[in-house]
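Everything on this sheet refers to the single structure shown next.
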Amino acid sequence: MQVIIFTDLDGSLLNHADYSFTEAMPALARIKSSGIPLIMTTSKTRREVESLQLEMGVWEPFIVENGGGVFFPSGYRRLSIGDGQQRDGYALVALGTGYSRVREFLGKASGRFHLRGFGDMAPAEIAERTGLPIDRAALAKEREFTEPFILLRPDEIGPLSGMAEAEGFAVTRGGRFHHLMGNKQDKGKAVRMVRDIFRRNSGTALTTIGLGDSENDLAMLAQVDVPVLIPRPGKGHLDVRLPGMILANKTGAKGWNDVVQKLLNEQSGTPWEQDHQREDL
Ligand SMILES: [Mg+2]
């Protein structure tokens, strides 16, 4: 039995307020030394994930923009990906709609609803709304599939979602923003695709663990063997329960660390091979 971990970032592996992962470092070190694939599964962009992976010393496939794109580094564990397209050193499987189409819809919707997307904001405004440093805020604007937005009148969410649905889009909610995306994508579909690629290539049984804190994580949590719900600061756990769900006791990186450590203590069996490290680092 081999383990794969899928994880949300903001509010899960990273603290909601300060984006720190320091308190998750003990569990991260164990994951890395055991060669366990840690698949970041996030609403963030590819550029943001690349920057975080470098900081954490992680080199693994990842899922960006709420399942819009699945990126496998070229040559990763010698896996055969199937029908991915090659892009910038990755095999990419795109489940999402192109960003220009998403922006086009948002432009139309802004005639009826009071909303502002990342494409309407300068990096300074995104930095202010998120608490991200300005260079990270700029990376958050480099979008490929989806658009985070704020709704200035919260009661418009129903009619806006209806209009989105009628035109082939969907709206979901993360820790800070609503997200507009194509209706063929979500974190769950992307997780299933990654799991199936590992399964096809390894031929052994896999246990999947998933960790998240928000509504946009539910499709991911529904796809994994061990769903873990992280509480949100001041708001507690999302009011959803799935079979076998583990509720973390603490918010953010600390809660993430404690649950992962406990699950790894309970795991035994086939270790992963240690042959997939990036050679140019
Ligand atoms: Mg989150």
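Given the structure is predicted, the values throughout are model-derived calculations rather than measurements. Ligands are counted one by one from 1 in listed order, and the atoms in each one are counted from 1 as well.
- The nearest N/O/S atom of Asp213 to the Mg ion (ligand 1) is OD1.
- For Asp8, the N, O or S atom closest to the Mg ion (ligand 1) goes by the atom name OD2.
- Here Lys44 does not pair with Glu65 in a salt bridge; the nearest charged N to carboxylate O distance is not below 4.0 Å.
- Salt-bridge annotation for Arg103 and Asp120: present, with a side-chain N of the basic residue lying under 4.0 Å from a carboxylate O of the acidic one.
- The atom of Asp10 nearest to the Mg ion (ligand 1) is O, with the search restricted to N, O or S atoms.
- Nearest heavy-atom pair, Val64 versus Thr45, reported as atom, atom and distance to 0.1 Å: CG1-C, 3.9 Å.
- Using a 4.0 Å cut-off between charged nitrogen and carboxylate oxygen, Arg136 and Glu55 count as a salt-bridge pair.
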